[in-house]
Amino acid sequence: MGFCYFFITLPFLVKVVLSLDSNYTACEPRNCSTGPNVSYPFYISDVGAESCGFRAFRVVCKDGKPIYQTSRSDYIIKDISYANHSFRLVHYSPVVSDSCYAPLDYFAFDRSSEDFSPNHADLLFFYNCSDSFSANTTTLRIPCAYGQVNNSYVVLDIKDSVKSNGDDTCGSTVAAPVELEGGLNLNNYVELLENGFILTWNDLGFDCI
């Protein structure tokens, strides 16, 4: 029977230990001055922590806030529940003025590992509509002009139940995800937008790498 001998030099061991210590320090939970602590599967970009999470959970610090970026817009991460595999997002820059609080873009699902929470619903915004606009549920007129001369409306859509003629009678339509919680309804649409919505994550497959 043969024997193999391995000799590990002291400099090699020191290098390994320092490397492990460096990686551990880089992956410690951290935040963007405000907001929740960020750790696996999330990581904060541009701080040397790229190996600490999945690319789909990349967080960017902007104005001291943790930002989750999609192909259409940026969202502030208000809270992360690592135990429940969920996080709450609020639009970073909704259209806000003295008379209007409404988004101009859809939320974009760029990662297949994420989904909305069970309490998810959509606020459907119909902009610059003619008088013939109609929907099969309660509509609320909103004072959003954007230089338009016609009416704009918001509708609460639960499980894709809303039917309307908005495609034919309105200039544009936007769906904003919200959480139905705390007894809020269409009359509280501004508060629903301010509370944001929750995403959950499950299988962290190859699409997140």
Q | Residue list, side-chain contact (heavy atoms from CB on, under 4.5 Å) with Q69, at least two apart or on another chain | A | R58, V60, I67, D74
Q) Between the side chain of T169 and the main-chain N/O of S130, is any donor-acceptor distance below 3.5 Å? A) no
Q. Is the NZ atom of K62 crowded by more than 12 outside heavy atoms at less than 6.0 Å?
A. yes
**Q.** Atom of G183, atom of N188 and distance for their closest heavy-atom approach
**A.** O-OD1, 4.5 Å
Q: Going by the ring-ring contact (aromatic ring centres under 6.0 Å, His included) test, name the single residue among W201, Y92, F87 that passes it with Y68.
A: F87
**Q.** Test side chain to side chain donor-acceptor pair (under 3.5 Å) applied to S117 and E179, R88, E181, the passing residue
**A.** E179
Q: Would you confirm whether D157, through its side chain, and D122, through its main-chain N or O, come within 3.5 Å as a donor-acceptor pair?
A: no
Q. Is there a donor-acceptor contact under 3.5 Å from the side chain of D167 to the main chain of T173?
A. no
(Q) Show the nearest heavy-atom pair for residues P103 and L193, with the distance to one decimal. (A) CD-CD1, 4.2 Å
Q) Parallel, tilted or perpendicular for F107 and F109, by the 30°/60° rule? A) perpendicular
Q: Answer yes if the side chains of D105 and H91 hold a donor-acceptor pair under 3.5 Å, and no otherwise.
A: yes
**Q.** Distance-minimising heavy-atom pair for V59 and I77
**A.** CG2-CD1, 3.8 Å
**Q.** Pairing residues for Y43 by the ring pair (Phe, Tyr, Trp, His ring centres under 6.0 Å) criterion, not counting sequence neighbours
**A.** none
Q: Please work out whether the ring planes of F54 and Y40 are parallel, tilted or perpendicular, with thresholds of 30° and 60°.
A: tilted
Q.
Under the rule for side-chain hydrogen bond (donor to acceptor under 3.5 Å, both in side chains), what residues qualify as partners of N119, not counting sequence neighbours?
A. none
